[in-house]
Amino acid sequence: MGVMTLNKAQQWQKALSTTAYCASFDDVAAFIAAEKAAGKTIYPAEENIFRALELTPLQDVKVVILGQDPYHGERQAHGLSFSVPEGVKIPPSLVNIYKELQSDLGVMPPPSGLLEHWAHQGVLLLNSVLSVEAGKAGSHQGKGWEAFTDAVIAAVNGQDKAVVFMLWGSYAQKKAAFVDADKHLVLKSAHPSPLSAYRGFFGCKHFSKANDFLGAQEQVPIKW
C-alpha cells in the first residue's frame, strides 16, 4: 500500500510475529485501499498511520499509553493516541489528561495538544485501531488492526526491561490484560473522557507513579 509500511520502524518490524504482521496487516491494508478507492476519507494521513512506532523505537519504550481509535475529525488524527497537531483545538479527553498532570506533578497545561515530546522520550502513544473513516468513530474496528496492535503490545511485554502501562478505561484494560504485571507496572483507571474522568481518572496520579517506577528502575523519568 505505498507508504503504508513499517520501513521507518524496523525494530518493530523485526519484533512482530509473521502471522500478526503479514496476515492482519495485509487484511487491513486491503480494506483501507478499497475504502479509498470508494472515495472515502481516511484518518490519519497514510504517512502518519505508524507515527507512534516511528517516533518511539521498541528498545526505547518506557511507558505505553493505550488509546482506542484515532480522532475522526478533520486535522485531528496524526498517529499518536490522544495527541493532536499544533493549532488544533485540544480534545476533551486530553484537556482532562492535562488537568490530572497539573494536579499530580504541577505541570501547567500547554497551549498545544501535540504530544510528540512524550513520544521522543519513550512514551508509546498507541491506538488499538490505527485508522478511521472521517466522521465515523469506530468504523475501522474489526478489520485487522487489533491483532496487529496486540502484537505490538506483546513485543513491549516481552522486552527485558520493565515498562509502565497506563490503561485508561475498560477497553484498554481488556486489550492489555495479558501484560505481565509482575514484571511491568500496570496502572489502571477510568478513561479521561468527560463522561468518566470523575470516576477515577482524576486523582489517579499515574504520571508521578510512572516516574517513581522509572527512577526505581534506574531509567530516566519522563518530562511530562
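Because only heavy atoms are used, hydrogens play no part in the values below, and waters and symmetry mates are left out as well, while side chains stay in. Residues take their numbers from the sequence shown, with the count starting at 1.
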Say whether [X] and [Y] are linked into one hydrophobic cluster, either directly or through other cluster members, by side-chain heavy-atom distances under 4.5 angstrom.
{"X": "Ile65", "Y": "Val95", "value": "yes"}
{"X": "Trp12", "Y": "Val163", "value": "yes"}
{"X": "Leu130", "Y": "Leu125", "value": "no"}
{"X": "Trp224", "Y": "Val64", "value": "no"}
{"X": "Phe148", "Y": "Val61", "value": "yes"}

Between [X] and [Y], a side-chain donor and acceptor under 3.5 Å:
{"X": "Asp104", "Y": "Ser208", "result": "yes"}
{"X": "Lys175", "Y": "Thr149", "result": "yes"}
{"X": "Trp145", "Y": "Ser131", "result": "yes"}
{"X": "Gln68", "Y": "Asn127", "result": "no"}
{"X": "Glu86", "Y": "Ser112", "result": "yes"}

Inter-residue atom distance [X].[atom1] - [Y].[atom2], 0.5 Å rounding:
{"X": "Ile32", "Y": "Ile49", "atom1": "CD1", "atom2": "CD1", "value": "4.5 Å"}
{"X": "Glu116", "Y": "Gln121", "atom1": "CD", "atom2": "CD", "value": "12.5 Å"}
{"X": "Ser81", "Y": "Asp69", "atom1": "OG", "atom2": "CG", "value": "11.5 Å"}
{"X": "His78", "Y": "Leu115", "atom1": "NE2", "atom2": "CG", "value": "6.5 Å"}
{"X": "Phe50", "Y": "Leu126", "atom1": "CZ", "atom2": "CG", "value": "11.0 Å"}
{"X": "His206", "Y": "Leu167", "atom1": "NE2", "atom2": "CG", "value": "8.5 Å"}

Contact summary for [X] and [Y], nearest pair of heavy atoms:
{"X": "Gln76", "Y": "Pro91", "answer": "NE2-CG, 4.4 Å"}
{"X": "Gln173", "Y": "Ser189", "answer": "NE2-O, 2.9 Å"}
{"X": "Ala77", "Y": "Pro44", "answer": "O-CB, 3.5 Å"}
{"X": "Ser196", "Y": "Ala190", "answer": "O-CB, 3.4 Å"}
{"X": "Ala197", "Y": "Pro192", "answer": "CB-O, 3.6 Å"}
{"X": "Tyr71", "Y": "Val132", "answer": "O-CG1, 3.6 Å"}

### Task
Check the pair Gln159, Leu58 against side chain to side chain contact (heavy atoms under 4.5 Å, CB included), reporting the backbone distance first and the verdict last.
CA-CA 8 Å; Gln159 290 286 91; Leu58 176 58; 3.8 Å; yes

### Task
Measure centre to centre between the rings of Trp168 and Phe82, then say whether the value is under 6.0 Å.
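So the answer is yes for these two rings.
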
#### Entry: Check: Phe31 ring centre within less than 6.0 Å of His140 ring centre
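Yes.
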
### Task
For side chain to side chain contact (heavy atoms under 4.5 Å, CB included), just list the numbers for Leu53 and Val152, CA-CA rounded to whole Å, side-chain angles, deciding distance to a tenth of an Å, and then say yes or no.
CA-CA 9 Å; Leu53 303 183; Val152 172; 4.0 Å; yes

Determine whether [X] and [Y] make a side-chain contact, defined as any pair of heavy atoms from C-beta on separated by less than 4.5 Å.
{"X": "Val123", "Y": "Thr56", "value": "no"}
{"X": "Gln219", "Y": "Lys161", "value": "yes"}
{"X": "Ser128", "Y": "Leu66", "value": "yes"}
{"X": "Tyr98", "Y": "Val107", "value": "no"}
{"X": "Ile153", "Y": "Phe178", "value": "yes"}
{"X": "Ile222", "Y": "Val63", "value": "yes"}
{"X": "Val156", "Y": "Phe165", "value": "yes"}
{"X": "Leu214", "Y": "Leu185", "value": "no"}

Check the surroundings of atom [atom1] in [X]: do more than 12 heavy atoms from other residues, nucleotides or ligands lie under 6.0 Å from it?
{"X": "Tyr198", "atom1": "OH", "answer": "no"}
{"X": "Glu74", "atom1": "CD", "answer": "no"}
{"X": "Lys89", "atom1": "NZ", "answer": "no"}
{"X": "Lys209", "atom1": "NZ", "answer": "yes"}
{"X": "Lys183", "atom1": "NZ", "answer": "yes"}

### Steps toward side chain to side chain contact (heavy atoms under 4.5 Å, CB included) verdict (Val164, His184)
CA-CA 6 Å; Val164 181; His184 304 292; over 6 Å; no

### Query
If only atom types and distance count, is the side chain of Arg199 paired as donor or acceptor with the main-chain N or O of Leu195 below 3.5 Å?
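Yes; at least one donor-acceptor contact below 3.5 Å.
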
### Query
Looking only at atom types and distance, does a side-chain atom of Lys174 sit under 3.5 Å from a main-chain N or O of Gly169, one as donor and one as acceptor?
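A pair under 3.5 Å: no.
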
### Query
Any Lys/Arg nitrogen of Glu100 or Lys205 sitting under 4.0 Å from an Asp/Glu carboxylate oxygen of the other?
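Salt bridge flag = no for Lys205 with Glu100.
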
